[in-house]
Amino acid sequence: MNTNKRERYESDSSSDSDNQERKKDLKERDEFAKRLREKDKEKTRKVTEKSDKKILEEVQKRAKLSDDKDAVERLRIESRRTYLAKRKEDQLLLLERKIADEVQLFASEKLTTQEKRKHEYDKKILELARQHDAAAEITKIQRYYIPSEEQTEEYVEVDEREKAPGSEQNKWEEERMGSASLRFGAKDANKRNKSKEYDLLVDGLEIDFVKTLTHAGDKSEFEDVEPELTEKEKRKLSIEETRKSLPIFPFREDLLEAIRDHQVLIIEGETGSGKTTQVPQYLHEAGFTKDGKKVGCTQPRRVAAMSVAARVAEEMNVKLGSEVGYSIRFEDCTSEKTIIKYMTDGMLLREFLGEPDLASYSVIIIDEAHERTLHTDILFGLVKDIARFRPDLKLLISSATLDAQKFSDFFDEAPVFRIPGRRFPVDIYYTKSPEADYVDACVVTILQIHITQKLGDILVFLPGQEEIEQCQELLQDRQRKLGSHIQELLIRPIYANLPTDMQAQVFEPTPPGARKVVLATNIAETSITIDNIIYVIDPGYCKQNSFNPRTGMESLVVVPISQASANQRAGRSGRVAAGKCFRLFTAWAFSNELEENTIPEIQRVHLGNVVLMLKSLGINDIMHFDYLDPPSSEALIIALEQLYALGALNHLGELTRLGRRMAEFPLDPMMSRALLASEKYKCSEEMLSICAMLSVNSSVFFRPKDKAVHADTARKRFFTYGGDHLSLLGIYKQWSETEFSKQWCTENYIQYRSMVRARDVRDQLENLMERVEVEVKSCDGDHVAMRKAITSGYFYHTAKLSKGGNYRTIKGNQTVMIHPNSSLFEETPRCLLYHELVLTTKEYMRQVIEIDASWLLEVAPHYYKPKDVDETGNMGKKMPKQVGKSSAELTRNYAKMNIN
DNA sequence: GAGCACTGC
């Protein structure tokens, strides 16, 4: 804990307080924090036992997915050919960008004579080269999208016009597209004497597309810095040569100079520029890792942190985990020698708890900042703050093109350093009119592409599993009707909940002469990369979790994507060759109906955990924390109220001893409160399993469509007296008794993947229990103890049975129902506790246990008063005595059913 | 009688 900071934030409140209890609690809290620090100091960081070989194997396994030799060989050769040809162009382009950057970045700086001479020399070279090429072939320059004045103006014009009253979409569309309209599909095909196939295919259902400007996506990707080369060719190039061939290389000196001159620098880098792997190495070579200081680089995803670290270790010819390491949840692959450390953004946030000034770092790089994950957004405020009292600390914020200015403004006008990337152009096509049924439109478009366009795989973005399955069925149906009239079309679905072996099929090479069409959710937008995609079909929708902080209700809704997201999706087609993106919406809709950017996560989620973490970092004024985009004050107040009710904050809004311990757990505050309450009820052993199981959200059960009945009976076999939390405990217990068997999972229709995750979470939580000084004990199946512990954390997630036989939440008086998958679905206990509220077809409580209302007085006397609970242990006075079943009745029922 | 976007600690 940073004492300076603590004093700074708390000085206002400490003077007016004469509350002895509060002072005692704060003292205990600080003593506890001190003990934690000492523990951390003692704990020598052990060098990872995971061997380099194992990690490299893993990385290679991922790389292998892109190694589809046979099918893509032709593409590779073609790519290679174009690569060599454009290599020269790239160099010129780099030079051009460099000159432009120098002009912009150092316009105000005084240049030395030598620098000036170099600059002039560069300019001259460029001029000569351009003159030479102009005579031969100009078009090659178009390989990369350089936003021209013309194009920008056109868009501005559109926007302006739309602001004017009476403007009409159609009119605009006509004017905008005019003769540039490009039609392909059935009509063109007919001209080429393929009418027979078309009669069968679409009955005039083809979709008209219009082509607008060509451009590239704007998202960075860490892997495949040189997608044009095959693995074999890559190996031929020495590591040094490869490094020198990266677009970032010519900027090395300028970049380092800019970093020396400025404390904060925004790096605007495109795909394949090599910034993620190279910048930390440059910093190391330039001496930023002297005096035992580290260069830290954050990534939004675990796989990225791992694979980039492995790559850099290879380039530096060191063992992964020694000088170069990575740190992700469940896996710390670093040692005392580590000087370049890749990590997930959430991991750096955790490190703040133990080292609030990040003293061991000389540079912090926040990569993929434009993705605006919750963790990254919090990091912005924190690193900006510590940069003020640590002038030696350098901050690099790496972002995609569009957001660089926003970051620059936030970090007190920090300069922007631009690095070009390597990517292929993507032609964007829009529909002429809006599509009502996007699944059907996808199917039509897939077949249009398949018949009229040259070979190359198709990637389709759909909102969810349901749409993917629907699309797959439709497509198979059409395919069957067409029979041998069309070439082979392989349909491959992918989404996060798909079993791993089926996910892997997406990466299998396409046989020669065939075409693969991948039906994917947003998982293919950033998380996974499928190679050899030439065509992207984008209906423009995705599913988003919407959370209502007032009611606590969650729901998944299909919403239009943002422009940034659409561009990211389009970019997925230009990775191996020039691509085409078919947007199933109009160009008008793109510029006028889609938001520019996706709403950042911090404005969409429950902030309980975030606020607790900030509080434990000594930041007391949560409302005025320096957010890049602040969450609503309502969301913050709700989070503060919740933390107060849980006892994590006192009446002055200060963190309590309990709050300090809660902050150690990577859990929702309610859950960490429940887990800590298990100390009192001596059931920590059981609560650890329950919390771990609850953390793997609703993906425990496997329910294939064709075996739904079997899966349901299997699930019901786990029903346990008391409620769903206890059923989950039973599942974990039984699984651990089988030595964590995979076969047991398969037999019981349980997802092995989820169980392994639950085990990882449980192990971590168990270690943290020791850290916060809780002895882990078992209550030997005392379900009352367990349910009381749960109630200690979730006391306002309760509902009571009303007169009409419905449940109403105690807080908010909302009508809610027990989820049909619950073991209590056919029971009607008078008082219930739920884990979460979800809005699907109805308002449901998911994961419920039966509780005794009198427990509420016991676990939350500050929140419930005796008048809230009547003498029979029921809630409220209006409660009719005969409605609902008592605990005793339920127990009898279960006994009759012979369950537990 | 229902349904599962995606990350991360």
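Letters go in sequence order (proteins before strands), and every chain restarts at 1.
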Inset, instruction - Looking at every strand, decide which applies to A:T521 at a 4.0 Å heavy-atom threshold: base, sugar-phosphate, or nothing. - result: sugar-phosphate

Inset, instruction - Starting from the C-alpha separation in whole Å, work towards a yes-or-no answer on salt bridge (Lys or Arg N to Asp or Glu O under 4.0 Å) for A:R846 and A:D724. - result: CA-CA 9 Å; A:R846 214 153 46 182; A:D724 303 319; over 6 Å; no

Legend entry - Pairing of A:E368 and A:R301 as salt bridge, 4.0 angstrom limit: no

Inset, instruction - Would you mind classifying the nucleic acid contact of A:I328 as base, sugar-phosphate or nothing, using non-hydrogen atoms under 4.0 angstrom? - result: sugar-phosphate

Inset, instruction - Let me know, please, whether A:R715 or A:G346 comes out on the 5' side of the other along DNA chain B by nearest nucleotide. - result: A:R715

Inset, instruction - Between A:P463 and A:L667, name the one whose nearest nucleotide on DNA chain B is closer to the 5' end. - result: A:P463

Inset, instruction - Measure the distance from NZ on A:K705 to C1' on B:dA2 and round it to the nearest whole Å. - result: 13 Å

Legend entry - Listed nucleotide nearest any side-chain atom of A:L556, set B:dC4, B:dA2, B:dT7: B:dC4

Inset, instruction - Determine the contact category for A:Y495: base if any of its heavy atoms lies under 4.0 Å from a base atom, sugar-phosphate if only primed atoms, P, OP1 or OP2 are that close, otherwise nothing. - result: sugar-phosphate

Inset, instruction - Starting from P on B:dA2, measure out to NE2 on A:H819 and report it in whole angstrom. - result: 9 Å

Inset, instruction - To the nearest Å, give me how far apart CE (A:M502) and P (B:dC4) are. - result: 18 Å

Legend entry - Shortest side-chain distance from A:P666, nucleotide among B:dA5, B:dC6, B:dC9: B:dC9

Legend entry - Phosphate OP1/OP2 of B:dC6 contacted by A:T526 side-chain N/O (<4.0 Å): no

Legend entry - Carboxylate-amine/guanidinium proximity below 4.0 Å for A:R771 and A:E664: yes

Inset, instruction - Compare side-chain N and O positions of A:R302 against OP1 and OP2 of B:dC9 and report whether any pair is under 4.0 Å apart. - result: yes

Inset, instruction - Describe the nucleic acid contact of A:R703 in one word from base, sugar-phosphate, nothing, applying a heavy-atom distance below 4.0 Å. - result: base

Inset, instruction - Take atom CD of A:E466 and atom P of B:dA2, then tell me their distance rounded to the nearest Å. - result: 13 Å

Inset, instruction - Just compare B:dA2, B:dC9, B:dA5 and give me whichever is closest to any side-chain atom of A:K543. - result: B:dA5

Inset, instruction - Please state whether the phosphate of B:dA2, meaning OP1 or OP2, lies under 4.0 angstrom from any side-chain nitrogen or oxygen of A:T841. - result: yes

Legend entry - Contacts of A:H835 that satisfy side chain to side chain contact (heavy atoms under 4.5 Å, CB included) - sequence neighbours left out: A:M671, A:L694, A:H725, A:Y794, A:Q847

Legend entry - Minimum-distance nucleotide to A:D712 side chain [options: B:dA2, B:dC9, B:dT7]: B:dA2

Inset, instruction - Name the nucleic acid region contacted by A:R846, choosing base, sugar-phosphate or nothing; use a 4.0 angstrom heavy-atom cut-off, strictly under. - result: sugar-phosphate

Legend entry - Nearest-angstrom distance from the residue atom NE2 of A:H375 to P of B:dT7: 15 Å

Legend entry - Ionic contact status for A:R715 with A:D712, cut-off 4.0 Å: yes

Legend entry - Length of the line joining A:D332:CG and B:dC9:P, which is rounded to integer Å: 12 Å

Inset, instruction - For the side chain of A:M347, starting at C-beta, report the closest nucleotide among B:dA2, B:dC9, B:dC4. - result: B:dC9

Inset, instruction - Return the value, rounded to whole Å, for the distance between atom CG of A:D668 and atom P of B:dC9. - result: 17 Å

Legend entry - salt bridge (charged side-chain N to carboxylate O under 4.0 Å, His left out) partners of A:E843, counting only residues at least two apart: none

Inset, instruction - Indicate whether OP1 or OP2 belonging to B:dA2 is found under 4.0 Å from a side-chain N or O atom of A:K842. - result: yes

Inset, instruction - Figure out the CD/C1' separation between A:E351 and B:dG8, and round it to whole Å. - result: 15 Å

